[in-house]
Undergrad: 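Just dropping this structure here.
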Amino acid sequence: MKSLEELETIIACRGQVSVDQSWTARLLADGRETCARKFGEEAIETVIAGTSGSKAEIIHETADLLYHLLVLLKANDVTVKQVMSELEQRRKQSGLAEKFNRKPVP
């Protein structure tokens with residue numbers, strides 16, 4: 001796999017099969033709250049690995065985190081391209097300036 005867009009495509013395909021055959025399909029069928037909760041669990045596991053785990057554990061948990069992030073995006077009809085566009089806009093100013101000027105999300 002070469003890109004997040006490729007993983008996004010795989011997730012979209014797997015989301016269309018039976019929930020008995022695909023973890024991705026089951027997550028998406030359970031709804032965005034379930035997808036968000038699972039992403040949160042993976043985020044915590046990644047934080048723990050990042051502070052006390054081996055390099056292999058960090059890689060493993062980060063892979064889980066990226067997968068569940070893309071499932072969460074799919075559940076909310078958000079694309080990797082949209083997220084990358086947002087990051088590109090932010091790149092036009094310093095991170096500190098961006099944080100200072102950020103408007104609260106409604």
Side-chain angles (χ1 to χ4, degrees):
M1 190 171 329
K2 296 180 182 179
S3 70
L4 291 177
E5 288 88 356
E6 187 176 347
L7 179 56
E8 179 179 54
T9 299
I10 292 168
I11 287 168
C13 291
R14 290 186 182 168
Q16 295 177 5
V17 300
S18 167
V19 296
D20 295 331
Q21 297 177 331
S22 168
W23 172 245
T24 303
R26 186 176 303 167
L27 283 171
L28 291 169
D30 286 346
R32 65 188 200 170
E33 294 84 6
T34 297
C35 295
R37 199 173 311 111
K38 187 61 182 166
F39 173 72
E41 291 171 15
E42 296 301 336
I44 291 167
E45 291 173 7
T46 304
V47 168
I48 292 168
T51 59
S52 62
S54 67
K55 185 175 181 177
E57 288 172 307
I58 294 167
I59 292 168
H60 177 84
E61 294 302 339
T62 301
D64 285 351
L65 182 69
L66 288 173
Y67 161 78
H68 285 92
L69 172 60
L70 268 61
V71 170
L72 178 61
L73 293 178
K74 175 70 176 162
N76 285 280
D77 295 319
V78 175
T79 66
V80 169
K81 185 176 181 178
Q82 290 170 316
V83 174
M84 297 310 290
S85 177
E86 174 68 19
L87 288 171
E88 184 63 30
Q89 291 300 314
R90 291 181 185 189
R91 194 175 83 158
K92 295 176 182 176
Q93 62 181 323
S94 80
L96 293 175
E98 187 276 328
K99 282 188 172 290
F100 181 76
N101 293 319
R102 190 180 298 173
K103 296 176 185 143
V105 178

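We number each residue from 1, following the sequence as shown.
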Undergrad: Please tell me if the side chains of Ile44 and Glu41 come closer than 4.5 Å, counting only heavy atoms from C-beta onward.
TA: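 Side-chain contact under 4.5 Å: no.
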Undergrad: Can you hop from Tyr67 to Ile58 via hydrophobic side chains spaced under 4.5 Å?
TA: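 Different hydrophobic clusters.
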Undergrad: Using a 4.5 Å cut-off on heavy atoms from C-beta on, say whether the side chain of Leu28 contacts that of Lys74.
TA: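 When only atoms from C-beta onward are counted, Leu28 and Lys74 do touch, with a gap below 4.5 Å.
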Undergrad: Identify the heavy atoms of Cys35 and Ala75 that sit nearest to each other, and give their distance.
TA: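 So the minimum-distance heavy-atom pair works out to SG-CB, 3.8 Å.
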Undergrad: Are the side chain of Gln16 and the backbone N or O of Cys13 linked by a donor-acceptor pair below 3.5 Å?
TA: no
Undergrad: Any carboxylate oxygen within less than 4.0 angstrom of a Lys/Arg side-chain nitrogen, looking at Arg90 and Glu86?
TA: yes
Undergrad: Between Ser22 (side chain) and Val19 (backbone), is there a donor-acceptor pair under 3.5 Å?
TA: no
Undergrad: Please name the pair of heavy atoms, one in Asn76 and one in Arg32, separated by the smallest distance, quoted to 0.1 Å.
TA: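 Nearest heavy atoms, Asn76 then Arg32: OD1-NH1, 2.9 Å.
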Undergrad: Testing Leu70, Ile10, Ile11 for side-chain contact (heavy atoms from CB on, under 4.5 Å) with Thr24, which one passes?
TA: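 Going through Leu70, Ile10, Ile11 one by one, the side-chain contact (heavy atoms from CB on, under 4.5 Å) with Thr24 is satisfied by Ile11 alone.
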Undergrad: List in chain and number order the residues that pass side-chain contact (heavy atoms from CB on, under 4.5 Å) with Glu42, two or more places apart in sequence or in another chain; answer none if no residue qualifies.
TA: Lys38, Glu45, Glu61, Asp64, Leu65, His68
Undergrad: Is there a path of hydrophobic side-chain contacts, each under 4.5 Å between heavy atoms of I/L/V/M/F/W/Y residues, joining Val83 to Leu7?
TA: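 Yes; Val83 is reachable from Leu7 via cluster members.
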Undergrad: Can you hop from Val71 to Val17 via hydrophobic side chains spaced under 4.5 Å?
TA: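 Val71 does not cluster with Val17.
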Undergrad: Look at the side-chain heavy atoms of Ile, Leu, Val, Met, Phe, Trp and Tyr, link any pair under 4.5 Å apart, and say whether Val80 and Val78 land in one connected group.
TA: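 Yes, same cluster.
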Undergrad: Would you give the length of the straight line joining atom CD of Glu8 to atom CD of Glu6, rounded to the nearest 0.5 angstrom?
TA: 11.5 Å
